[in-house]
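Everything on this sheet refers to the single structure shown next.
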Amino acid sequence: MEDEEWSQLERNPDWMSSLPEELLDVPLWNLAIPGSHDSMSFCLDESSPVLRSESCLLRVLDSLFPCWTRPCVYRWATTQQSVLSDQCDLGIRFLDLRIARKPSGGSELYFAHGIYTLISVKEALYELTAWLDAHPKEIVIISCSHFDSLRDEDHVCLVESIITLFGEKLCFSQDTPTLRSCWSRCQQVIVSYGNKQVVPQHPELWTEIPYWYADSPNPKKVITYLEDQKHRRRPAGFYVSGLNLTEDAPYVVLHPLQSMRKMTKKALWMLLSWTGEQQPGPEDGEVNIICCDFVDISQFCSLVIGLNYKLVGGASRLATRSGF
C-alpha cells in the first residue's frame, strides 16, 4: 500500500459504538455495514500452485509454465492489500474468508483466491481475536466459504477451533442481533458458514449470507446488476451487495499490463457514487452489507458508515418492524 494513500484515510475503529442512541436497537441487517471482498487476498503466495478447483486448462498451463501463470493469477486475484486488523481499523465489519486446504499443507488450513495464501486460518483468526479484545463494542461478521479441498474432518476441526477461539463472543443464529443486545451479552462475532451439512449441527453458525455480484469487469454493468437486484425481494436477514469487479480470461489476455488494483482504481469513482446514493433498512431496494476491493485506497468505509445516519429519525420504525 502506498504510504500517501494510507495517511489520507479516515480510520473508523470504533464506529459502531459511536452511532446515535436511536440506532442501537436496530437489527444489524438493517444497518449499512462495510465489508471487504476476498479479505485475505493481501497475502497470496505467488509461488503456490493454482487451486485444484480452477479450470483444467489453467492447471495444465500452471504445470507447464508456472513462471507465467502464477504472477498473472497473483496480479488478478489480489483484491486487498491490508492485514485484517488494519481493515477493521478502517471500519470493515464483514470479512469474506475463502478457506482451502493445500495439496501438501498437512492439517493446517489456509485461504485462497486462485492461489493459496501465506497466512493460515489459525493465524488470521488469532489476529482478529486480539483486535476484538481491543474494541469490545465492535461486532464483526465472518463469512467462511468455498472450502476448497476440505474433508469432513477438516470442517470438524475448523468449527471446533472457531467455537473455542471466540467462545462467548459468538452470537447465536437464533438471535436477532442489535448493537445493544450484543453489548449486553458481550457478543462480537457472527459466523456465516457456507456448508449446509455443518450449519444445523452448531447453533453458533449462521447460514451462508447471500452475496450479490455482477461477474463483470465493467462498473456500469455492476451498478446495473445491483439496481436490478434491488427490484427483487430483499433477502431476509443479512445480505451483501458486491461492488467488486470480475475479470475473465479474454479480459486478462486483452489487458496484459493491467491488474485488479488498476482496474478497481479506475472504476471506484463510479462505484462509490452509486454507494453514496443508497439507503440501509428492511425494505426492498435498501442495502445492508456493501463489499469492495482494495478498501484502503478510498474513503469507502466512511462512505458506507455514513449511510446509517440517513436512518436517524426513522430508527423506531425499523426496530418495530423487526419485533422490538
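Remember, predicted model here, so these are calculated numbers, not experimental data. Because only heavy atoms are used, hydrogens play no part in the values below, and waters and symmetry mates are left out as well, while side chains stay in.
- No more than 12 heavy atoms of other residues, nucleotides or ligands lie within 6.0 Å of CG in Asp152, so this atom counts as exposed by the packing criterion.
- Taking the side chain as every heavy atom from C-beta outward, Cys186 and Glu168 never approach each other to under 4.5 Å.
- Taken from CZ in Arg232 to CG in Asp284, the straight-line distance is 12.0 Å, to the nearest 0.5 Å.
- None of Leu128, Asp96, Ile190 except one satisfies the side-chain contact (heavy atoms from CB on, under 4.5 Å) rule with Ile142; the exception is Leu128.
- Between Leu245 and Ala267, the shortest heavy-atom contact is CD1-CB, 3.8 Å.
- When all heavy atoms of Tyr239 and Ser241 are compared, the pair lying nearest together is CE1-OG, 3.7 Å.
- Under the 30°/60° scheme for interplanar angles, the aromatic rings of Tyr211 and Phe94 are found to be tilted.
- Here the side chain of Gln80 pairs no donor or acceptor atom with the backbone of Asp38 at under 3.5 angstrom.
- Within 6.0 Å of OH in Tyr251 there are more than 12 heavy atoms belonging to other residues, nucleotides or ligands.
- Heavy atoms from other residues, nucleotides or ligands lying under 6.0 Å from OH of Tyr126 number 12 at most.
- Between Tyr225 and Trp212, the gap from one ring centroid to the other reaches at least 6.0 Å.
- Ring-plane geometry between His113 and His37 is classed as perpendicular, the angle between the planes exceeding 60 degrees on a 0 to 90 degree scale with a lower cut at 30.
- Taking the ring centroids of Phe42 and Phe111, they lie at or beyond the 6.0 Å cut-off.
- Among all heavy-atom pairs drawn from Val140 and Leu95, the shortest one is CG1-CD1, 3.9 Å.
- Between the side chain of Lys220 and the backbone N or O of Met270 there is no donor-acceptor pair closer than 3.5 Å.
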